[in-house]
Amino acid sequence: MTSRTPATATGARGSAFAGASGGDPSGIRDEPTRPQDATANGLGSGSVPVTGITVTRHLAAAERHASLTADVRAGLTANPRELPPKWFYDATGSLLFDRITRLPEYYPTRREHAVLAANAARIATACPATTLIELGSGTSEKTRLLLDALRNAGVLRRFVPFDVDEETLLRAGQEILRSYPGTSVHAVVGDFERHLAFLPGSASGDSGSAGGVAADRRLVAFLGGTIGNLRPETRGTFLRALRDQFHDGDALLLGTDLVKDPARLVAAYDDSAGVTAAFNRNVLSVINRELDADFDLRGFAHVAAWDPENSWIEMRLRSVREQEVSVRALGLVTRFGADEQMRTEISAKFTLEGIRAELAAAGLGTSAQWTDPDGDFALTLAVPA
Ligand code: AVJ
């Protein structure tokens, strides 16, 4: 198809991945989509029209599928079994998460919003960034608080949402384009555990000149407490990778949920309306659909537990009976014992000192730290030490 957008960097994926381990990422194409490419974004029906958004794809559908396949094979054959939380977020999972953020028990989103609303202007003063990069977007309301503050400071030029899900990115990008005329949007489809080296404006992944952005100062926002999905070692690797590509003036804004009464923590992950339970089981629907499996969702119960040793909430799925599951795409048939539990997510909870120590270990100095009045949630602003 001649109308296919050149921004479909499928052919460049190989070099993007080679680049991730030190190769040359120059094969990545970053080109603005054109109006006639409106429906040619590879999303098929239900796709979002794209105009004026530059898209960089590190993670095309085939790569995503290979990654899911590997994760599910490893996870279902491990003992105990475990599935990574990133696979919750298909269209249904993203909608369910959105409902979670409005549940009475799920305080983190509201608390973080409050801390951000109270301090956005200070953040923009401390880091007058021309580019706002948001890792794991879909938090558009909070994004707007930051974009407004940077716009009011007169510095904002570009918004870079970075997410695994292209549809989410494009939808968010369109809305931002509409509300912030004059601001360019450069969406990056990728996995922040693997493609961090290619943030726009960095030495290796720069496309800043193409977007007309020079002397780029970047604020990287990683909000929602999503860093808590990573184990401590992985957090260290991630923070170090981020720090390694920071220039002077760049900063990280990190949102983290804080340790509190375990009853409140557990309630936030086991709401009375059962939305979190549906969100948890949704990973089985994703596997059923994408890997031709036959998980019976009614055969798995939602479990949320506080682990004080590791300081994290764990979500698990408990097989309510002995049952056999077939994952045809893997040629795998596997038996779950009655009451067998499979971990689907960890969500770490932090202390203010603990956050500063983890950042310091990665070469990042804390320049400011704020919480909501109740001390439920923290925002930390950090710069290269
Ligand atoms: C989006 C990863 C921050 O860990 O609180 C919400 C996901 N899981 N309820 C979190 C989630 C269950 C959420 N994060």
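Excluded from the calculations below are hydrogen atoms, water molecules and symmetry mates; all remaining heavy atoms, backbone and side chain alike, are included. Each ligand, and each atom within it, is numbered from 1 in the order the structure gives.
- The ring pair (Phe, Tyr, Trp, His ring centres under 6.0 Å) analysis of residues 268-287, with sequence neighbours excluded, yields the pairs F88-F279, Y89-F279, Y106-Y269.
- Shown are R321, Q323, E322; of these, the side-chain hydrogen bond (donor to acceptor under 3.5 Å, both in side chains) with S319 is made only by Q323.
- Using a non-hydrogen distance threshold of 4.0 Å, W312 does not register as a contact of ligand 1.
- Atoms of ligand 1 lying under 4.0 Å from at least one heavy atom of F279, given by number and element, are 8 (N), 12 (C).
- Contact annotation: the side chain of E324 never approaches that of F336 to less than 4.5 Å [non-hydrogen atoms, C-beta and beyond].
- Not a single heavy atom of G228 sits less than 4.0 Å from an atom of ligand 1.
- Considering backbone and side-chain N/O of T276, none are found under 3.5 Å from N/O of ligand 1.
- Neither the backbone nor the side chain of F88 has a heavy atom within less than 4.0 Å of ligand 1.
- The shortest side-chain heavy-atom distance between N280 and N282 does not fall under the 4.5 Å cut-off.
- Checked by distance only, ligand 1 and S347 come closer than 3.5 Å through their nitrogen or oxygen atoms.
- Electrostatic pairing of E105 and R264 does not count as a salt bridge here, judged by no charged N lying under 4.0 Å from a carboxylate O.
- Protein heavy atom at the shortest distance from atom 8 (N) of ligand 1 is E345 OE1, 2.7 Å.
- For ligand 1 and G224, the ligand atoms under 4.0 Å from any heavy atom of the residue are 3 (C).
- Less than 4.0 angstrom separates some heavy atom of N229 from each of these atoms of ligand 1: 2 (C), 4 (O).
- Both L116 and Y180 are members of a single hydrophobic cluster when ILVMFWY side chains are connected at heavy-atom separations under 4.5 Å.
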